[in-house]
Amino acid sequence: MDDRLRGPSDPVERLAALRHEFGEHGGVNMSIEASTTFTVMEAGTMPEIFQGTLGPDAGGCYLYGRHFNPTVYVLGRQLAALEGTEAGYCTASGLGAIACALLGLLDQGDHIVASDTLYGGTWAMLSEFLPRKCGITTSFVDINDAKAVAAACGPRTRVVYAESLSNPTLRVTNLPMLAEVAHAHKAQLVVDNTFTPLGVTPTDHGADVVVHSLTKFVNGASDFIAGAVCGREEFIGSLMDLHVGPLMLLGPTMDPQVAHSISLRIPHLPIRMIEHARRAQVFAQRLEQAGVKVSYPGLESHPDHQLLQKIGRPEYGFGGLLTIDAGERAKAEALMDDLQNAEGFGFMAVSLGYFDTLMSCSASSTSSELSDEALAAAGIAPGLVRMSIGFTGSLEQRWQQLERALRRVGVIA
Ligand SMILES: *Cc1c(COP(=O)(O)O)cnc(C)c1O
């Protein structure tokens with residue numbers, strides 16, 4: 001990607017360099033553009049909007065709420081600044097963003113090479129929905145095995161797909177290697193960066209398109225389902241094409257009120273990510289010392305510790321997620337029960353990136369779309385508890401709660 005168009009190399013500096021959007025009456029916060037349709041001043045303008053000679057970036061003309069909306073576009077620009085892309089636009093969900101990014105890049109008969117450890121919904125979309133409904137097939141491989149990725153690429157491979165940090169196995173994707181292999185096969189690298197906003201910037205390592213579930217860390221309050229696609233201006237524009245654009249025609253439109261709320265939380269995303277990671281690092285180290293089977297990329301014992309050190313931004317640490325293997329499903333469930341109902345440490349809930357800690361047993365919840373063989377191949381043990389570490393309460397108070405619960409259910413002696 002052209003560095004001149006991306007501005008400063010630091011995402012926080014790119015965000016600060018964006019034009020500040022004031023409210024209609026000079027308010028420090030922007031107004032919400034709540035209209036679904038937009039007036040033109042002269043009848044002749046309408047055909048020009050439909051022909052694409054006028055638009056949001058050409059004459060400031062908007063058309064209809066399912067097409068570009070000014071408030072949603074502001075959040076899209078914030079996401080683009082975050083990810084270092086020329087453009088970005090938002091969707092009603094993360095899966096909406098993923099589906100539209102892929103349908104924008106692929107035609108019937110095309111092929112994807114994807115990681116064998118993916119978010120369950122994405123896995124179902126690639127393994128079942130896309131082949132059946134669209135004739136788009138996927139080969140799932142160990143995504144850090146360069147030879148396996150190259151071997152899976154064929155003449156119709158247009159996309160290589162991975163998550164920056166895999167869910168729930170917390171394996172780090174070797175993005176520089178993957179970009180090289182993808183580009184050698186004339187495929188585009190699409191990366192889901194939901195787990196590591198700011199910590200990893202996939203475009204710094206050659207990714208072409210970045211997708212997000214904004215539902216998680218970016219929003220941070222677990223009150224909106226939302227997503228985003230970031231990429232080159234031409235690509236984002238093509239998603240809104242009136243004839244073949246998936247964002248325009250499938251209609252996963254983000255509501256401007258949602259865009260407004262989320263955009264007000266972007267300025268404190270860096271502070272939140274630092275605190276999620278700081279606490280996760282302390283807990284992971286203490287858990288490891290206590291003999292618990294813990295996985296966290298910030299631990300030297302983690303197989304991808306050095307890789308994340310190399311491709312990540314050190315000031316954001318190693319992310320807000322860790323997993324504990326309680327050994328068996330019953331023990332995992334007892335632990336979560338105790339942590340929620342006796343200790344008040346966090347909540348048993350899927351999702352992540354909330355200000356409080358969220359816990360789920362991956363094999364029987366968010367990864368239950370996977371078959372038993374696929375679960376085993378991906379290394380998702382039945383007693384694996386995924387924790388998205390929150391930042392409410394004090395760190396010591398939370399650690400004491402966690403330690404007491406682990407003792408009570410017998411995970412530590
Ligand atoms: C949650 C999640 C999604 C799906 O996002 P929604 O906003 O729920 O549609 C996709 N990828 C990852 C990594 C996720 O965690």
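Both counts, for ligands and for their atoms, begin at 1 and track the order of listing.
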Go through the steps for T85 and R232 under the test side chain to side chain contact (heavy atoms under 4.5 Å, CB included), then give the verdict.
-> CA-CA 6 Å; T85 59; R232 294 181 183 85; over 6 Å; no
More than 12 heavy atoms of other groups within 6.0 Å of Q340 CD =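 Above 12, so yes.
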Which pairs pass ring pair (Phe, Tyr, Trp, His ring centres under 6.0 Å) with one or both residues in residues 182-227, sequence neighbours excluded?
-> F217-H276
Under the side chain to side chain contact (heavy atoms under 4.5 Å, CB included) rule, what do Y119 and T194 come out as? Steps first, then yes or no, please.
-> CA-CA 10 Å; Y119 176 72; T194 301; over 6 Å; no
When you look at F391 and R278, which way does the side chain to side chain contact (heavy atoms under 4.5 Å, CB included) test go after all the steps?
-> CA-CA 9 Å; F391 48 73; R278 184 180 78 92; over 6 Å; no
F235/V229 under side chain to side chain contact (heavy atoms under 4.5 Å, CB included): CA gap, chis, key distance, verdict = CA-CA 10 Å; F235 175 62; V229 187; 4.0 Å; yes
Enumerate the pairs of nitrogen or oxygen atoms, one from ligand 1 and one from the protein, separated by less than 3.5 angstrom; state names and distance to 0.1 Å.
from, atom 1, to, atom 2, distance (Å)
ligand 1, 5 (O), S213, OG, 3.0
ligand 1, 7 (O), G94, N, 2.8
ligand 1, 7 (O), S213, OG, 2.8
ligand 1, 7 (O), T215, OG1, 2.6
ligand 1, 9 (O), G94, N, 3.0
ligand 1, 9 (O), L95, N, 2.8
ligand 1, 11 (N), D192, OD2, 2.6
ligand 1, 15 (O), K216, NZ, 2.8

